[in-house]
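In each ligand, atom 1 is the first atom listed, and ligand 1 is the first ligand listed.
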Amino acid sequence: MTDKKIQSVDQATLEMIEKSHQDGCSTVFDRAENMKPCPIGAEGSCCKNCAMGPCRVPINKSKEETPEDHNKRKGVCGATAETISARNFARMVAAGTAAHGDHGRRVTELFMAVAEGKAPGYSIKDEQKLLQLALELGVKVGDRPNNEIAKDIAEILQKDFSRQEGELNFIKRAPLKRQAVWRQNGVTPRGIDREVVETMHHTHMGVDQDYQNLIKQATRTALADGWGGSMIGTELQDVMFGTPSPVLSQINLGVLKEEDVNIIIHGHEPALAEILAVVSQDPVMIEYAKSKGAKGINLVGMCCTANEILMRHGIPIGGNFLQQELAIVTGAVEAMIVDVQCIMQGLTDVAQCYHTKIITTDERAHITGSTFIHFDELNAIEISKEILKMAIDNFPNRHKNVRIPQVKTDMIAGFSHETITYLLGGLFRASYRPLNDNIINGRIRGVAGVVGCNNPRVTHDDVHVTLVKELIKNDVLVLQTGCSAMATAKAGLMLPEASKFAGEGLASVCETVGIPPVLHLGACVDNCRILTAATAMVKEGGLGDDISDLPVAGCAPEWMSEKAVAIGHYFVASGVYTIFGVTWPTVGSKELTDYLFKGLEQSLGGKWDFEIDPYKMAQKMIAHIDLKRKALGIDKSRERVLYDMAMRRDLEK
Ligand code: SF4
Ligand code: MSK
């Protein structure tokens, strides 16, 4: 855990923390001060898997642990520190995979409803992607109508959730060598639900008590997330809502408008947000808002639902995870509409200090003290109007103490795998060739995926921004999702002008292609776009024949959620060196930690690491990238690079 000096590097956040205190209202920042993390739980040394416990087996940090001391650290059933922390780790992976898997399942159900014509308000927006998916999944195209093709696709992908034997469909997308690694290690996922259930069984009292076998099942489960639940969710969302392409928008609490009805949509699943984005433009609704004294309706996103509607509609973002309560503290939010995941229960307490209505919409996520309106996707437009009307009706109830921080930043988002291919290669020769070539010639040193949450245990946004600046300064192209993407967008790194922070090589490529050095790829489920990009780099050639050969690294500098652990583990299992900040959940067992940090590399080609300091994090990631460059024999090319005008012109050819 870090010893943070200030609560945030974001001005709007600091301003609203101060206002919350003036208004006598406490937020996550105050609660984090009052609730210190449990040191035993933090190191993964607490087991409550049966009623003979809970058992605590913490390390005695005051002295070097002898084998005898270690042997004494056992639960009532005899479970070792290794077993206990591996079970805890595996359960985090299972919970994260369940969250993403359930998201993917809901998307698949909606996709089926759209195909059957039962969900007015939704349609197939990306026909090309639909047909590509059909081809990939062996669905007959011919002159069949889109909805029939979509129905077959939905049926095939729905089976990935319930399959008992065999392999998930998208496993075949991975490089052949990667698929072989998974099969050799017995970790190829069968069905998404099966892997989650098996992990819960493995980790039940008295079942799996071999930490390596527990991690093996955790690996199979995590892969069912990255190449299963998340990938299905992303692909079908693209087909229904449109594949993202570059879009200009704005971010931070300054996007709230004093004279408008401000409605924040928060959570992860975009089905409701997609419809609200349309309905909030309805002239009848706008007139209704005016009749209540407002100038108009201002729809704003928060957390990953924000990323979804930003990527596809350019809807501005209010902020990331730690700003959700602070948006209400502005006093200018009529309604916060939430779906699932990363929604703090503290929202209802904060809302009581102001006039904001917290509206829950999903039967899986009720919150005591909120208003529940069941969002039925088959009646999406009518329900969205009802929700919107409720928000508008709340406008006259605003208290006097409204203060919106005048802080917002322009940003460009919308870099899907398809867009990157097009931007790099052009319409007729769309490919990753220019990226691979620039990595081989050393202008781009490597690629980093920097993702994940905020965590009040560290200075909000600081680790994200410092790390990403350090990476681009060293010519590492950065791909981002989630709250991490929002942190750097607020710092102005998602604009082409941010090339001035990049090293000369990376800057020259970004300027030529016309992209920022930091690319926003979407929400947490869209981390699978990074897997797709890495696979495309392998298939393009010249950078080895597996993801583990690439000069790439992954990081979640301010993580907090179980989903982050699932994501991190599917990156490791896909062959990527992945580093986490804040805290490491298995320090209670040195043997398990060594296995995750070193041992796994021998079998899977990827490994975990942990570092709190963003500069050291960057150094570790760059050292790994350089190691991979050396193994590929492209380390020399980097040393020879002299960036003159002739070379820059050459780039444009
Ligand atoms: Fe304790 Fe074992 Fe029960 Fe865990 S499973 S609570 S270690 S007795
Ligand atoms: S919203 S999972 S806090 S990234 Fe995806 Fe942000 Fe982490 Fe939630």
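- Contacts of Arg87 with ligand 1, taken as heavy-atom pairs under 4.0 Å, involve the side chain alone.
- Listed by atom number, the atoms of ligand 2 under 4.0 Å from Gly452 heavy atoms are 4 (S).
- A salt bridge between Arg529 and Asp238 is present, with a side-chain N of the basic residue lying under 4.0 Å from a carboxylate O of the acidic one.
- Of all protein N, O or S atoms, those under 2.8 Å from atom 1 (Fe) of ligand 1 number 1.
- Every heavy atom of Lys74 sits 4.0 Å or more from the atoms of ligand 1.
- Salt-bridge annotation for Asp210 and Lys216: absent, with no side-chain N of the basic residue lying under 4.0 Å from a carboxylate O of the acidic one.
- The closest side-chain donor-acceptor pair between Gln323 and Asn454, if any, does not fall under 3.5 angstrom.
- Ring pair Phe610/Trp584 is tilted by interplanar angle, where 30° to 60° counts as tilted.
- Of the listed residues (His464, Glu558, His520), just one forms a side chain to side chain donor-acceptor pair (under 3.5 Å) with Ser484, and that residue is His464.
- Taking the charged nitrogens against the carboxylate oxygens, Lys620 and Glu470 have no contact shorter than 4.0 Å, which rules out a salt bridge.
- Within the protein, the N, O or S atoms lying under 2.8 Å from atom 8 (Fe) of ligand 2 are Cys342 SG.
- Checked against Glu82 for a side chain to side chain contact (heavy atoms under 4.5 Å, CB included), the options Gln209, Lys590, Glu591, Gln212 give a single hit: Glu591.
- Counting heavy atoms from C-beta outward, Leu493 and Pro516 have side chains that stay 4.5 Å or more apart.
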